[in-house]
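Take a look at the structure below.
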Amino acid sequence: MDSKFIIFTGPESSGKSFLARKMAEKFNLNLLPEQARIYLELYGLEYTQEDLSNIAIQHVDAENNYKTVGEIFLCDTDLITLSIWSKEVFGKVSNVITTEIDNYGSGRYYLLCKPDIPWEYDPQRESKLDRDRLFEIYESTLKSLGLNYSIISGNYQERDELAEKIINKLTLTKGF
């Protein structure tokens with residue numbers, strides 16, 4: 001049996017990282033942190049399309065390091081986020097990112113976080129007023145790639161309960 005990944009995705013300030021950490025602790029699952037955040041903290045907030053390719057390589061390497069046959073892992077974003085940001089900022093996506101996304105097989109389930117919670121400032125965030133449009137892009141991307149997902153929305157307690165219910169079902173049945 002291959003490893004399984006539950007990925008928290010969605011626009012900026014939609015609660016992905018907070019919820020991912022909370023669920024990792026609740027279910028005692030390994031969490032792969034957002035690689036873009038790590039990279040930008042190390043190299044600075046200005047980035048190029050080449051930087052996004054480097055982040056993609058870093059993410060794939062980190063994912064491969066986490067893989068243990070049959071285990072379930074949580075990911076705070078993945079290459080879908082890099083693909084969307086690359087299109088938004090540079091108008092195109094590098095072959096590195098698209099090739100790796102094309103290599104995604106089964107065993108991935110997405111928790112798409114809706115931006116219906118208050119915006120929180122972070123120097124790495126760029127799109128305070130554009131979150132709803134970006135949410136639509138995330139959802140249409142997941143649909144177009146045929147990826148399985150659920151939408152996480154509501155207040156913080158509702159989000160926690162919904163994520164917990166979905167992850168509980170996925171971890172019990174490994175049904176993704």
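Atoms considered below: every heavy atom in the structure, side chains included; atoms not considered: hydrogens, waters and symmetry mates.
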Verdict with reasoning, T81 to I84, per side-chain contact (heavy atoms from CB on, under 4.5 Å): CA-CA 5 Å; T81 297; I84 290 169; 5.9 Å; no

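- Counting heavy atoms from C-beta outward, L42 and I38 have side chains that stay 4.5 Å or more apart.
- Side-chain atoms of K16 come within 3.5 Å of backbone atoms of G10 as a donor-acceptor pair (strictly under, hydrogens ignored).
- S144 places a side-chain N or O within 3.5 Å of a backbone atom of S140 that can act as its donor or acceptor partner.
- For residues 49-64, the pairs satisfying salt bridge (charged side-chain N to carboxylate O under 4.0 Å, His left out) are E63-R108, with sequence neighbours left out.
- Residue G154 comes nearest to I117 through the heavy atom pair O-CG2, 3.7 Å, listed as atom of the first residue, atom of the second, then distance.
- In terms of heavy-atom proximity, F90 sits nearest to L52 at CE1-CD1, 3.7 Å.
- Under the 3.5 Å distance criterion, the side-chain polar atoms of Q35 are matched with a main-chain donor or acceptor of P33.
- Screening residues 83-100 for salt bridge (charged side-chain N to carboxylate O under 4.0 Å, His left out) gives E88-R133 as the qualifying pairs, with residues at least two apart or on separate chains.
- Residues meeting the ring pair (Phe, Tyr, Trp, His ring centres under 6.0 Å) test with F18, sequence neighbours left out: none.
- Nearest heavy atoms, L142 versus I80: CD2-CG2, 4.5 Å.
- Separation of atoms CD (E12) and CG (D130) is listed at 9.5 Å; rounding is to 0.5 Å.
- Listed by chain and residue number, nothing satisfies the side-chain hydrogen bond (donor to acceptor under 3.5 Å, both in side chains) test with S153 (two or more places apart in sequence, or in another chain).
- In terms of modelled atom types and a separation under 3.5 Å, the side chain of N103 and the main chain of T99 share a donor-acceptor contact.
- Residues passing the side-chain hydrogen bond (donor to acceptor under 3.5 Å, both in side chains) test with S150 are Y109, sequence neighbours excluded.
- Taking Y104 as the reference, nothing meets the ring pair (Phe, Tyr, Trp, His ring centres under 6.0 Å) condition, with sequence neighbours excluded.
- In this structure, CG in D76 is found 3.5 Å from OG in S17, a value given to the nearest 0.5 Å.
- Sorted by first and then second residue, the ring-ring contact (aromatic ring centres under 6.0 Å, His included) pairs involving residues 131-151 (not counting sequence neighbours) form an empty list.
- With sequence neighbours left out, the salt bridge (Lys or Arg N to Asp or Glu O under 4.0 Å) criterion links E136 to no other residue.
- Neither side chain, Y43 nor N54, offers a donor N or O lying under 3.5 Å from an acceptor on the other.
- Closest non-hydrogen pair, L74 versus M23, comes out as CD1-C, 3.8 Å.
- How far CG of L112 is from OG1 of T141: 10.0 Å, rounded to the nearest 0.5 Å.
- Each of N148, I6, I7 was evaluated against Y110; a single residue qualifies, I7, per the side chain to side chain contact (heavy atoms under 4.5 Å, CB included) test.
- With respect to the salt-bridge test (charged N to carboxylate O, under 4.0 angstrom), the residues K26 and E164 qualify.
- Here I167 contributes atom CD1 and L111 contributes atom CG; the two are 5.5 Å apart, rounded to the nearest 0.5 Å.
- Atom CG of D102 has more than 12 neighbouring heavy atoms from other residues, nucleotides or ligands inside a 6.0 Å radius.
- A24 and L31 make their closest contact through CB-CB, 3.8 Å (heavy atoms, listed as atom of the first residue, atom of the second, distance).
- Listed by first then second residue, pairs satisfying salt bridge (charged side-chain N to carboxylate O under 4.0 Å, His left out) with a partner in residues 152-162 read K22-D160, D116-R159, not counting sequence neighbours.
- With values rounded to the nearest 0.5 angstrom, R37 atom CZ is found 11.5 Å from I55 atom CD1.
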Working for side-chain contact (heavy atoms from CB on, under 4.5 Å), residues Y47 and V89: CA-CA 10 Å; Y47 59 92; V89 175; 3.4 Å; yes

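- Listed by chain and residue number, S53 satisfy the side-chain hydrogen bond (donor to acceptor under 3.5 Å, both in side chains) test with S94 (two or more places apart in sequence, or in another chain).
- A distance of 12.0 Å separates OG1 in T9 from CD1 in I152, rounded to the nearest 0.5 Å.
- Put simply, the side chain of F27 reaches to within 4.5 Å of the side chain of N168, judged on heavy atoms.
- In this structure, Y39 and Q58 have side chains that are in contact, with non-hydrogen atoms separated by less than 4.5 Å.
- In this structure, L19 and C113 approach most closely via the heavy-atom pair CD2-SG, 4.4 Å.
- In this structure, I57 shares a hydrophobic cluster with V96, the cluster being traced through Ile, Leu, Val, Met, Phe, Trp and Tyr side chains under 4.5 angstrom apart.
- Judged as a side-chain hydrogen bond (donor to acceptor under 3.5 Å, both in side chains), and not counting sequence neighbours, E25 has no contacts.
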Verdict with supporting geometry, F73 and L29, side-chain contact (heavy atoms from CB on, under 4.5 Å): CA-CA 6 Å; F73 297 95; L29 293 171; over 6 Å; no

